[in-house]
Every structure is written in structure tokens, then in C-alpha cells.
Amino acid sequence: MLQNKAILVTGAGGGIGRGIGEACAAKGASVVVTDLNEAAAAESAAIIRSAYPGCKVVGMRMDVTDPAEVRDVVASAIATFGRLDGLVNNAAVLVDKGLLLDSTPERRALEIAVNVEGLIICSQEFVRRAVDRGGGGAIVNIASVGGRRAHVLMANYSASKAAVMNLTESQSAEWAQYSINVNALCPGGVQTAMLHGAAEAKTMFSRSKKDAQAVRESWIAPQLGRSVKSVEVGYVAAFLLSDEAILIRGQSISVTAGLEHEVLADYLD
Ligand SMILES: NC(=O)c1ccc[n+]([C@@H]2O[C@H](COP(=O)([O-])OP(=O)(O)OC[C@H]3O[C@@H](n4cnc5c(N)ncnc54)[C@H](O)[C@@H]3O)[C@@H](O)[C@H]2O)c1
């Protein structure tokens, strides 16, 4: 599906980003796994390389909020692979956990800087380089089901993800002229460091004194009877990066395995 394509994934030192890198490699792409944490990026690259020995994978440090570093890493990826066909804007932080009245400017600013501004910086650089070679390519932005509705104790993060969904529509509309397809995925309930942090915040405020484990279990996708895996989010991202997805444009697609829906089994004996 992604043979002869090179894909760059941000925030891929673990969690969903690593799963996306793995899925892209499984579908035949060359992969650049980047992260603020250089050692974590190198570890993801080593894991993907050993799972897919025929696949070209590089791991690099890249802070999505640093335009100069983004420029250098994108240039280096193009020098290594000849071109970049896809970008997955996955890096994000959830730091402003708690009540809106206790929210601080510093924590809000960091979430907006990484989740929104970082995504814009990386997208601009990717598109500029794509335009240099005559256009073509795809971007997948990682939003969240949290961006679709109110989310207590993580309001600012949710607002940042609502911004990602709206930006996805604008990017799609503006960059179609360069034959660049842009879509977003909205995960939920993937057992990563970020989700565990969210569970701890919910636990602190839980009137029923649910422990973090119980909160994490409440995010098990009922239709699957288990949590969604990072690599499964990655398979959908890989499809959206492929030429087969050209009819899907500017969309934000939930990849939660129905987490937000009731299941009939809950009502039957
Ligand atoms: N886990 C879930 O259930 C879930 C649900 C909805 C949305 N998401 C989204 O999925 C994406 C991945 O989340 P995750 O759960 O794997 O989280 P995670 O915290 O495990 O991974 C995020 C990665 O981003 C990196 N990062 C942070 N700041 C960065 C920066 N400035 N530059 C580059 N990298 C940076 C971190 O080092 C980390 O490796 C995020 O966009 C998140 O908002 C996750």
C-alpha cells in the first residue's frame, strides 16, 4: 500500500506514534520516526527495523515547536530517502489536567504550542518541500475524540484537538491545489503514557473513589472487549496516507472501535 513512499511521524518515540511508524513499515513505507526524546525515537526505529528488516527506518530528535529543527529534520529525511510523501502530525501533550478554574497560562500555552502550533509548523515545512518537487503527498493529523465534545478535567487539551479538526478542513481545502490530501484521526482509549496520565487526573477528582486502573478499564472498547492498540490506529493512518484514500478529504475519523457508543450486550441477560 505504501511501497516507494517515505513517511515522517512526529512524537513517535512511543505510544500511538510508534504504532503508526510500525503500521507504515508493515505496509511497505520507509519511515522517519521523530520525537522530542531522541533516545525514544532511536528505540522506536530499532524496534520497527527489527520487526521489518527490509524496511528503511531512521529515528531522529525533532521538537515540533522548533521551526529550525523541523526544517533540518525534514531536509535530512529528504536527503536520506529522496523525497517525503507523507507526514503524520502525532506529537501532543496533555499537561493541563484539572478544573478550568485552576488552569494556568503556562500549561495552556504548552498544550497549544505543541498540539496546534507544532502541527502547523510541521505541516508548513512538509507542504513547502512537496511544492518544491511539484506537489503530491498526504498529511494525517492526530486529533482526539476529546475534540468532539466537552471533556472535564482536560478542557484545554480538548479545545486544542477541536482546533486540529478544524485546521484539517482548512489544510485540505488550501492544499488540494498541490495534490496534498489531508485528514485527521480521532483516537480514544489507547493505553499509552498520555492515557495513563489522564486516568490519574480523573482518579484524583473521582467522587466514587475509582482507582486509576478502574478508570483505564472504563476506556476498553466494548465492541472489541479490549483496548484499541496503537498499531491499529496506525493501520488507518497508513490507509489515509495511501493513494487509495484520495476520495477521503478533510475528514476527522474516529478510530475508537465504538468506545463512545452503547452496546446492546449491556442490556441483555
Ligand atoms: N492515547 C489515547 O487514547 C489518545 C486519545 C486521543 C488522542 N490521542 C492523541 O494521539 C497522539 C499520541 O498520543 P499518545 O497517547 O501516544 O501519547 P504519548 O504521550 O504516549 O506520546 C506522545 C509523544 O509525543 C512526544 N512529544 C511531546 N512533545 C513533543 C514535541 N514538542 N515535539 C516532538 N514530540 C513531542 C512525546 O515525547 C511522546 O513520545 C497525540 O496526538 C494524542 O493527543 C491519544
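Remember, it's 1-based here, ligands and their atoms both numbered in the order they're listed.
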* Asked: Considering residues, nucleotides and ligands other than E174, do more than 12 of their heavy atoms fall under 6.0 Å from its CD?
  ->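 Not more than 12 within 6.0 Å, no.
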So, 4.0 Å and heavy atoms of [X]: is ligand 1 close enough to count as a contact?
X: G188; result: yes
X: R18; result: no
X: G189; result: yes
X: A143; result: yes
X: W219; result: no

For [X] and [Y], work out which heavy atoms get closest and say how close.
X: R49; Y: V57; answer: NH2-O, 2.9 Å
X: S227; Y: W219; answer: OG-O, 4.5 Å
X: N141; Y: I139; answer: OD1-CG2, 3.5 Å
X: A245; Y: N181; answer: O-ND2, 3.2 Å
X: A45; Y: G59; answer: CB-N, 3.6 Å
X: A41; Y: M60; answer: CB-O, 3.5 Å

If you measure every N or O of [X] against every N or O of ligand 1, does any of those distances drop under 3.5 Å?
X: K161; result: yes
X: V190; result: yes
X: P187; result: no
X: G15; result: no

Identity and distance of the protein heavy atom lying nearest [atom]:
atom: atom 24 (O) of ligand 1; value: G11 CA, 3.5 Å
atom: atom 44 (C) of ligand 1; value: I16 CD1, 3.5 Å
atom: atom 22 (C) of ligand 1; value: A92 O, 3.9 Å
atom: atom 17 (O) of ligand 1; value: M194 CB, 3.3 Å
atom: atom 31 (N) of ligand 1; value: D63 OD1, 3.0 Å
atom: atom 32 (N) of ligand 1; value: V64 N, 3.0 Å
atom: atom 15 (O) of ligand 1; value: T192 OG1, 2.5 Å

* Check whether any side-chain heavy atom of R61 lies under 4.5 Å from a side-chain heavy atom of D35, and answer yes or no. =>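 Answer no - side chains too far apart.
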* Asked: Can you tell if the side chain of V114 reaches within under 4.5 Å of the side chain of V95, non-hydrogen atoms only?
  ->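 They are not in contact (no side-chain heavy atoms under 4.5 Å apart), so the answer is no.
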* To do: Pick, from I142, V145, T256, the option with the minimum heavy-atom distance to atom 10 (O) of ligand 1.
  =>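 Comparing heavy atoms across I142, V145, T256, the nearest one to atom 10 (O) of ligand 1 lies in I142.
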* **From the candidates D35, L36, V114, the one that places a heavy atom nearest atom 25 (C) of ligand 1** =>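 It is D35 that holds the nearest heavy atom.
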What's the separation between atom [atom1] in [X] and atom [atom2] in [Y], rounded to the nearest 0.5 Å?
X: M1; Y: L241; atom1: CE; atom2: CG; answer: 10.0 Å
X: R249; Y: N183; atom1: CZ; atom2: CG; answer: 8.0 Å
X: M154; Y: K202; atom1: CE; atom2: NZ; answer: 4.5 Å
X: R133; Y: R129; atom1: CZ; atom2: CZ; answer: 11.0 Å

Could you tell me, atom by atom, which parts of ligand 1 come under 4.0 Å of a heavy atom of [X]?
X: Y157; value: 6 (C), 7 (C), 8 (N), 9 (C), 42 (C), 43 (O)
X: N90; value: 10 (O), 11 (C), 12 (C), 40 (C), 41 (O)
X: S144; value: 6 (C), 7 (C)
X: A193; value: 20 (O)
X: V93; value: 27 (C), 28 (N)
X: M62; value: 32 (N), 33 (C)
X: A91; value: 24 (O), 33 (C), 34 (N), 35 (C)

* Intermediate values then yes/no, salt bridge (Lys or Arg N to Asp or Glu O under 4.0 Å), E200 and K97 -> CA-CA 9 Å; E200 271 150 34; K97 292 171 275 196; 5.9 Å; no
* Apply the test salt bridge (Lys or Arg N to Asp or Glu O under 4.0 Å) to residues K229 and E22: give CA-CA distance (whole Å), side-chain angles for both, the deciding distance (0.1 Å), then the verdict. => CA-CA 12 Å; K229 296 178 189 155; E22 200 183 324; over 6 Å; no
